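Here the structure comes first, spelled out in structure tokens, and everything after it is commentary.
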Amino acid sequence: MTTAVVTPGVVTAAADSTTSLVQSVDWLAIAPPVVVAAVALIVLVADLFLPAERKQLLGWVTMAGLVAALALLVPLRDGGHSTFCLTAATTGTGAPSACSYTADHFALVIQALVLGGALLTALLSLGDIRRLPAGEFWFLLLSSASGAALLPAARDLVTLVVALEVASLPAFALVGIKRGDRRSSEAALKFFLSSVVATAVMLLGVSFVYATTGTLHLTEIAARLDDVPGQLDTLAQAGVVLTLVGFAFKTAAAPFHFWVPDTYVGAPLPVAAYLSVVGKAVGFSGLILVTVIAFPAYADVWGPALAVLAALTMTIGNVAALRQSATRVRSAVRLLAWSSVAQAGYLLVPIAAAAYSSDERIGSTVAYALMYAVVNLGAFAVAALVARTNPGNRISDYRGLYATRPLAALAMAFFLLCLAGLPPGIVGLFAKVTVFSAAVDAGLGWLAVVMAVNVVIALYYYLQWTAALFRAPEETQAPAEEAAPADTAVPAPARHRAPTPVTLAIALTAVAGVVLSGAPQTVLRFAAVNLF
């Protein structure tokens, strides 16, 4: 039985303690992912009442929601917003010591990348879901984008895992959304099974970390891993390694990359573009958070592991892309898929270098990710345009594209040169130099050499595809008896009007790439500052 105390000072202290258990929510900080999730629910309900001929309105509602979420990042640009923090009563101190959600500069940059990528995906999808269930498609896209926008601001392992799964589960359904398509169903099943295994391994690692530290907040984990008892050191190391597995899967790092080619080929092209950019941003942001913030005490464990993964990933991706046949069905998408794996290897280099460098300039990864997002989405946009007249989407189908669609051919050439790191794709060149410098400055000379060799390998298939755009198209010779008379005019090849949304997506990505190539410091300045 508790005895009441009437001493004024004690009563006041008790009241203050009770008050400290209550915290306010910074709604502005969490507004971007919340708005996207709310619009997803609106689209799902509206789909029940809209007639079939008006389903396209759902696409415009989706885009409006993503634009609104992007606009809400502007008031947060100071990067000083945190919420869902441990209260003073919980910590025993006068101020919160750890928060579950922090809208710092790193989170805002990744959220802009994610929401912008989702917006361009929606733009590509406007005219490409004629045979897909519109309501379900837009709902799944928004649901995945809300989880992807939540993840970079998460600062505890539970929020990270939940955000990762919210971003991933709708993506499985998006890959297999083409009903009756065997390739799409097979890709979704492979993607789902491999992702579930990776998530299970990651959860096991999270449980090991929690058992070792007794906390799930990243900053608290970092403090407690500095002084782990000897008998728990092996458990902590196992937890660190296993936790990284789930994020390595999302980044398509070898040997967790095997799902990428078949998934990209089986998925609708806008979904493949979404996975190549937004899915990769989710994986890399999670990987950065757990390594740089939570596990710096075990940099000697994850640093060498990520360096080896980087070398292995870029080599496997480039060699596989090099072996793609130009006449194979969907070879263009398959080459972009393997190119995506190779780019993941480059993105891993600065994170691995952070284990050896005191300044932790992982801004190089962020800068490279922004460049990659713009040009890769542009390449997929051109692929979506070509697929409308050439459903096979072979690399050979791009031969002579300049003769029929000169602007699309020029844009595709620019995107490929950016990915290769050649002028006039200056932003791609500068991003590669920045990543290369991060490896050299960290003393990883062998990794810099591996990267240089892989860049040379990649030049071959990027330039080969670029050259095909400007070659004369192959002509099929008609039999002599069917040859047209000399005075008969030969009709020109049929031209199909490019859909406005696809044209707009190509134009936006091309303009962004040109602007960044003219002023690469706009992106690369992130490599010179600490984002956290």
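Note that the structure is a prediction, hence the values are computed from the model and not measured. Residue numbers start at 1 and run along the sequence shown.
At least one side-chain heavy atom of Phe415 sits under 4.5 Å from a side-chain heavy atom of Thr509. Annotation: side chain of Pro170 is not in contact with side chain of Leu141 (no heavy-atom distance under 4.5 Å). In this structure the side chain of Ser144 never reaches within 4.5 angstrom of the side chain of Val166, judged on heavy atoms. The shortest distance between side-chain heavy atoms of Leu70 and Gln111 does not fall below 4.5 Å. Annotation: side chain of Leu150 is in contact with side chain of Tyr101 (closest heavy-atom distance under 4.5 Å).
Arg155 has a carboxylate O that lies under 4.0 Å from a charged side-chain N of Asp104, or vice versa, which qualifies the two as a salt bridge. Under 4.0 Å is where a charged nitrogen must lie from a carboxylate oxygen, and between Asp262 and Arg334 at least one such pair does.
A ring pair (Phe, Tyr, Trp, His ring centres under 6.0 Å) check over residues 434-455, counting only residues at least two apart or in different chains, returns nothing.
Rounding to the nearest 0.5 angstrom, the gap separating the OG atom in Ser285 from the CG atom in Leu151 is 4.5 Å. The CZ atom of Arg405 sits 13.5 Å away from the CG atom of Leu410 when rounded to the nearest 0.5 Å. Atoms CG and OG, from Leu377 and Ser276 in turn, are 6.0 Å apart once rounded to the nearest 0.5 Å.
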Query - Step-by-step side-chain contact (heavy atoms from CB on, under 4.5 Å) determination, Asp156 to Leu160 - result: CA-CA 6 Å; Asp156 69 65; Leu160 274 174; over 6 Å; no
**Report entry** side-chain contact (heavy atoms from CB on, under 4.5 Å) between Thr199 and Leu203, intermediate numbers included
**Finding:** CA-CA 6 Å; Thr199 301; Leu203 287 174; 4.2 Å; yes
**Report entry** Leu419/Asn376 under side-chain contact (heavy atoms from CB on, under 4.5 Å): CA gap, chis, key distance, verdict
**Finding:** CA-CA 8 Å; Leu419 289 171; Asn376 209 59; 4.1 Å; yes
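Each of Val386, Asn393, Leu336 was scored for a side-chain contact (heavy atoms from CB on, under 4.5 Å) with Leu269, with one residue passing: Asn393. Checked options Tyr368, Trp338, Tyr372; the residue passing with Gln343 is Tyr368 (criterion: side-chain hydrogen bond (donor to acceptor under 3.5 Å, both in side chains)). A side-chain contact (heavy atoms from CB on, under 4.5 Å) with Asn318 is found for one member of Ile457, Val455, Val456 and no other, namely Ile457. For the pairing with Phe137, the side-chain contact (heavy atoms from CB on, under 4.5 Å) check across Thr62, Leu174, Leu142 returns one residue only, Leu174.
Between the side chain of Ser396 and the main chain of Ala326, a donor-acceptor pair closer than 3.5 Å is present. Side-chain atoms of Thr315 never come within 3.5 Å of backbone atoms of Leu312 as a donor-acceptor pair (strictly under, hydrogens ignored). With Ser331 contributing its side chain and Ile395 its backbone, the two residues share a donor-acceptor pair below 3.5 Å. Side chain of Arg77 to main chain of Val74: a donor-acceptor pair is present (N/O by atom type, distance under 3.5 Å, no hydrogens or angles). Between the Gln324 side chain and the Leu335 main chain, no donor and acceptor come within less than 3.5 Å of each other. Side chain of Ser143 to backbone of Phe139: a donor-acceptor contact under 3.5 angstrom is found. With hydrogens and angles disregarded, a donor-acceptor distance shorter than 3.5 Å links the side chain of Asp397 to the backbone of Arg394.
Using a 3.5 Å distance cut-off with no hydrogens or angles, the side chains of Thr313 and Tyr346 do not pair a donor with an acceptor. For the residue pair Ser195 / Lys250, a side-chain donor-acceptor distance below 3.5 Å is found, with atom types taken as modelled. Defined by atom type and a distance below 3.5 Å, a donor-acceptor pair is missing between the side-chain atoms of Tyr274 and Ser125. Side chains of Lys280 and Ser340: a donor-acceptor N/O pair is present below 3.5 angstrom, by distance only.
Using cut-offs of 30° and 60° for the angle between ring planes, the Phe172 and Phe192 rings count as perpendicular.
A centroid separation of 6.0 Å or more is found between the aromatic rings of Phe295 and Trp302.
Counting heavy atoms of neighbouring residues, nucleotides and ligands inside a 6.0 Å radius, atom OH of Tyr402 does not exceed 12 of them.
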